[in-house]
**Q** 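What follows is a single structure, and I will ask about it in a moment.
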There are 2 protein chains.
Amino acid sequence: MSASPSPAGPRPYHHGNLKTALVEAGLALLEERGLGDLSLREIAARVGVSHTAPKNHFGSLKGLLTAIAAEGFRRHAAALEAGLKPADGPVERLHAAAEGYVRFARAHPALFRLMFSADLCDFGDPDLTAAASESYGVLARLAGRLEPGTAEPGERQTRMETLLWSIVHGYATLANEGQLAAGPDGAPVHGIADLFRHWPRFA
Amino acid sequence: MSASPSPAGPRPYHHGNLKTALVEAGLALLEERGLGDLSLREIAARVGVSHTAPKNHFGSLKGLLTAIAAEGFRRHAAALEAGLKPADGPVERLHAAAEGYVRFARAHPALFRLMFSADLCDFGDPDLTAAASESYGVLARLAGRLEPGTAEPGERQTRMETLLWSIVHGYATLANEGQLAAGPDGAPVHGIADLFRHWPRFA
DNA sequence: GCCGAAAATTTACACTGGAAACATGAGTGC
DNA sequence: GCACTCATGTTTCCAGTGTAAATTTTCGGC
């Protein structure tokens, strides 16, 4: 590959794959340092490039963060689908997706917060919105299965979608910020599935 | 010389009420500039004081933000209680509190985000935790009224509390970050009360 | 081989929060 | 009345941030 020069050779002037390398470095630093201590200069340094190099590809820090968030949403969508067994009924599938949602958020708290920070990301970016829609679509389809035929034609977001998203997202957010009472293992005492079971309609 | 605070006189060396003045300035700047563009130096400048003056009272920026968040939680608790009519039943009171929760979040988005940012605030601070508990208590009492006698003795956080808090907080957060489909007036098409009405148990 | 465009670099700037040394003055004990 | 104390603010400095502009290097098409 042109992107992988001889290991012993001097670092080439042109990186060859800077765009994706910066996103990956950003994702890695997000895990290590958290969102607050993340800096463009440090991401660039990790890739071995000057701190102004990202500008050519992303314009600004916000552009880079937007690209990172987009990749986050793609992985998020995959996490949602991960536990979905086609043989299960709509309720079981909902529970599985909800647990995937929360598991992803808790496994990658900094990335998750970035993904839902409208002032750090540019939600006008087509790539980001496409990735976010991909993730949202999983939840929306599950909501539709729970109430077939109730969505009005042309409706962008049903009440059931809003309700499900609110509860799952709220739980994940509160858990990540340390607001939910935690048991000895550090996890919240009530899992997200417990909440759904406590919710008569989907028990 | 004169201790009289004549309006035309030179600014005294000692402010006299810096602590609360800084918190109020911070709250005002939070409304105007948002959380991202908030700076300790600007808060200090608005009060007319050097940028290191806050250190004496708050230690660091995090300390100041913690104090601001605590004041936010007190106002938040007041907003929750605002629409509560004693004559109403538990369900009506829940709806009113939920709308108060969301209304506060949407009216003060930057403050609301600060209040739930564990990396910006110090949730080990007693004043902050007391204020946050005050706000949480309103919701917890409402949850208890919905299911009297179900809480196990000594239970810190019931499932019902977690469920209600998740849905309300998730809705407020998603709305603030512009993630919920909005109608022509900019508000989400489905209000928080619509979600509760859609939730069979509390329709 | 040459030349334009793309990709990185260097340099400079305004801004941030924090640390350290210093200045002020309000309050207290005598 | 007076001196001493010490909380409260100021000044100065520093490392670090993101961005802009001018410059250098390299790739790719002719």
Side-chain angles (χ1 to χ4, degrees), chain A residues 1-6 9-23 25-26 29-30 32-69 110 114 117 119-122, chain B residues 1-6 9-23 25-26 29-30 32-69 110 114 117 119-122:
Chain A
M1 294 284 288
S2 62
S4 57
S6 58
R11 183 169 52 83
Y13 191 91
H14 289 303
H15 183 282
N17 204 6
L18 225 198
K19 203 162 182 176
T20 68
L22 285 171
V23 170
L29 273 165
L30 220 40
E32 301 171 16
R33 289 229 194 290
L35 184 52
D37 293 14
L38 192 66
S39 85
L40 186 147
R41 289 174 111 105
E42 199 174 1
I43 297 178
R46 166 168 291 224
V47 177
V49 106
S50 81
H51 76 281
T52 52
K55 185 169 195 180
N56 295 316
H57 299 277
F58 300 103
S60 69
L61 172 62
K62 192 169 192 171
L64 174 53
L65 293 181
T66 299
I68 294 173
L114 170 63
S117 296
D119 56 338
L120 296 180
C121 302
D122 175 17
Chain B
M1 47 165 266
S2 70
S4 63
S6 63
R11 181 168 53 81
Y13 193 90
H14 289 302
H15 183 282
N17 203 8
L18 226 198
K19 203 162 182 176
T20 68
L22 285 170
V23 170
L29 274 166
L30 220 40
E32 301 171 14
R33 290 231 194 289
L35 184 52
D37 293 14
L38 192 66
S39 85
L40 186 146
R41 289 175 111 105
E42 199 173 2
I43 297 179
R46 165 168 291 224
V47 178
V49 108
S50 78
H51 81 279
T52 51
K55 186 169 195 179
N56 295 318
H57 299 276
F58 299 103
S60 69
L61 171 62
K62 192 168 192 172
L64 174 52
L65 293 181
T66 299
I68 294 173
L114 169 63
S117 295
D119 55 338
L120 297 180
C121 301
D122 174 17

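The structure displayed is predicted, hence computed values, not measured ones. By convention in this document, chain letters (A, B, ...) are assigned in the order of the sequence lines, proteins followed by strands, and residues within each chain are numbered from 1.
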**Q** Measure CG/B:D37 against C1'/D:dT19 and give the value in whole Å, please.
**A** 14 Å
**Q** Quick check for you: among D:dG9, C:dT10, C:dA19, whose closest atom lies nearest to any side-chain atom of B:V49?
**A** D:dG9
**Q** Measure from NZ on A:K19 to C1' on C:dA8 and round the result to the nearest Å.
**A** 16 Å
**Q** On DNA chain C, check which nucleotide each of A:H51 and A:N56 is closest to and give me the residue with the more 5' one.
**A** A:N56
**Q** For the pair made of CZ in B:F58 and P in D:dA7, what is the distance, rounded to whole Å?
**A** 17 Å
**Q** Looking across every strand, which nucleic acid part, if any, lies under 4.0 Å from A:S39 by heavy atom: base, sugar-phosphate, or nothing?
**A** sugar-phosphate
**Q** Do any side-chain nitrogens or oxygens of B:H57 fall under 4.0 Å of OP1 or OP2 in D:dG9?
**A** yes
**Q** Rounded to whole angstrom units, what separation is found between the CD1 atom of B:I43 and the C1' atom of C:dT16?
**A** 13 Å
**Q** Which comes earlier along DNA chain D counting from the 5' end, the contact point of B:L18 or that of A:L38, where each point is its nearest nucleotide?
**A** B:L18
**Q** Any side-chain N or O of A:K55 below 4.0 angstrom from OP1/OP2 of D:dA20?
**A** yes
**Q** For the pair made of NZ in A:K62 and C1' in D:dT17, what is the distance, rounded to whole Å?
**A** 17 Å
**Q** With a 3.5 Å cut-off and just heavy-atom distances, do the side chain of A:R41 and the base of D:dG18 make a donor-acceptor pair?
**A** yes
**Q** Which part of the nucleic acid does A:T52 contact within heavy-atom distance under 4.0 Å: base, sugar-phosphate only, or nothing?
**A** base
**Q** Within this structure, what is the CG-to-P distance between B:L29 and C:dT16, rounded to whole angstrom?
**A** 11 Å
**Q** Quick one: A:L22 CG to C:dA7 P, roughly how many Å, whole number?
**A** 13 Å
**Q** Nearest-Å distance, CG (B:N17) to C1' (C:dA26)?
**A** 16 Å
